[in-house]
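Structure first, commentary second.
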Protein chains: 2
Amino acid sequence: MRADMFDPACPSRLSPVRIGDKWGGMIILCLEGGPRRFSELRVPLRRVTAKVLTESLRALERDGLITRTAYDENPPRVEYALTPLGRTMLEPIAWCREWARDHLPQVVAAREAYEVTP
Amino acid sequence: MRADMFDPACPSRLSPVRIGDKWGGMIILCLEGGPRRFSELRVPLRRVTAKVLTESLRALERDGLITRTAYDENPPRVEYALTPLGRTMLEPIAWCREWARDHLPQVVAAREAYEVTP
DNA sequence: CTGGATCCCGTTGGATACTG
DNA sequence: CAGTATCCAACGGGATCCAG
């Protein structure tokens, strides 16, 4: 996966829409193309520590949005994948991304204007 | 406005989608039908204190999603209203509500099943 | 390699009291 | 009426170290 997929400096991070916790939406997007390993997910989500990523994955698993499959190998391998329910989230996420693409510049501009005259 | 509009016990509150801070999405929905006064907003958002509501309103104003108009009267009157930019949020919010209506029961069920076998 | 265990700190948001 | 001022508890999430 591309390492700059979720650049922390990307203005899309300013979007007021959040799915689950801080990383939930991005994790779901990462899994759109198929199952991914733990360390694969850490590539695009560069700023997340292993602990926090684990917590986010557990939360998504608890809500039935992803599955966790551990293979009894050495070295260990764990794969995460979207459930059918998780896939249904892709649609609203796409809509929210579309909104961000179309309107986020206005939010950023309003925020900058507000800085000048608070 | 109806006082039970955002019942804290309503399962829709479990939706993983959030707009801005905790109350942002609900405030925007409250303003859908036209301008509202500060104390009007406190009715459906029963659990929010004046301080927190003020903070949320300021954040939405800062991002250009709502306007704040203070009338120089006695007693004082302040009205909040959606900007055109703020109105563009109604669409993604409606989509997310639709998703919640269709799929939230599955999330709740998954969460309950997870409780049994963590 | 995939996390669990700790520790820690900034932010969020709630309670309460007060004010122009 | 529409806030502000304080205070504070809870939570999110990051750093670091450790383990199977």
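Here is how names work: the chains are called A, B, and so on, in the same order as the sequence lines, proteins then strands, and each is numbered from 1.
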Q.
Using a 3.5 Å distance criterion without hydrogens, assess whether the side chain of B/Arg62 forms a donor-acceptor pair with backbone atoms of A/Tyr114.
A. no
Q) Touch check for A/Val52, heavy atoms < 4.0 angstrom, all strands: base, sugar-phosphate only, or nothing? A) base
Q.
Applying a 4.0 Å non-hydrogen cut-off, can you work out what A/Asn74 is touching in the nucleic acid: base, sugar-phosphate, or nothing?
A. nothing
Q) Can a side chain N or O of B/Arg68 be found less than 4.0 Å away from OP1 or OP2 on D/dG3? A) yes
Q. Roughly, in whole Å, what's the span from CD in A/Glu40 to P in C/dC1?
A. 12 Å
(Q) Nearest whole Å is fine: how far is D/dT4 P from B/Leu53 CG? (A) 11 Å
Q | Side chain of A/Arg18 - closest among D/dT4, C/dT2, D/dG13 | A | D/dG13
Q) Could you give the CG-to-C1' distance, from B/Asp72 to D/dC1, as a whole number of Å? A) 13 Å
Q. So which nucleotide from D/dA2, C/dG13, C/dT2 ends up closest to the side chain of A/Phe38?
A. C/dT2
Q: Using whole Å, report how far CD of A/Glu55 lies from P of D/dA15.
A: 13 Å
Q | Presence of B/Arg47 side-chain N/O under 4.0 Å of C/dG13 phosphate oxygens OP1/OP2 | A | no
Q. With respect to the side chain of A/Pro76, which nucleotide from D/dG13, D/dA2, D/dG20 is positioned closest?
A. D/dG20
**Q.** Selected nucleotide, minimal atom distance to B/Ala50 side chain, candidates D/dC1, D/dG3, C/dG13
**A.** D/dG3
Q | Between C/dT11 (P) and A/Asp21 (CG): distance, integer Å | A | 19 Å
Q | N/O (side chain, B/Arg37) to phosphate O (OP1/OP2, D/dC1) under 4.0 Å | A | no
Q. Once you round it to whole Å, what is the distance between P of D/dA2 and CD1 of B/Ile27?
A. 14 Å
(Q) If you compare every side-chain N and O of A/Ser39 against the phosphate oxygens of C/dT2 (OP1, OP2), does one of them come in below 4.0 Å? (A) yes
Q: For A/Arg42 and D/dA15, give me the distance from atom CZ to atom P, rounded to whole Å.
A: 10 Å
Q.
Whether the side chain of B/Thr88 engages the backbone of B/Leu85 through a donor-acceptor N/O pair (distance < 3.5 Å, no angle test) should be reported.
A. yes
Q | Side-chain donor/acceptor of A/Ser15 to backbone N/O of A/Ser12, under 3.5 Å | A | no
Q: State which of C/dG13, D/dA2, D/dG13 makes the closest approach to the side chain of A/Lys22.
A: D/dG13
Q: Nearest whole angstrom, please: distance from the P of D/dA15 to the CZ of A/Arg46.
A: 14 Å
Q | Closest nucleotide among C/dG4, C/dA15, C/dT2 to the A/Arg58 side chain | A | C/dG4
(Q) Quick check for you: to the nearest 0.5 Å, what is the distance between B/Glu55 atom CD and B/Thr49 atom OG1? (A) 7.5 Å
Q.
Using the side-chain contact (heavy atoms from CB on, under 4.5 Å) definition, which of the options A/Leu53, A/Thr54, A/Leu41, A/Ile27 pairs with A/Val48?
A. A/Leu53
Q. Does the B/Asp63 side chain pair with the main chain of B/Leu65, one donor and one acceptor, at a distance under 3.5 Å?
A. no
Q. If you look at every strand shown and take non-hydrogen atoms under 4.0 Å, does B/Tyr80 touch a base, only sugar-phosphate, or nothing?
A. sugar-phosphate
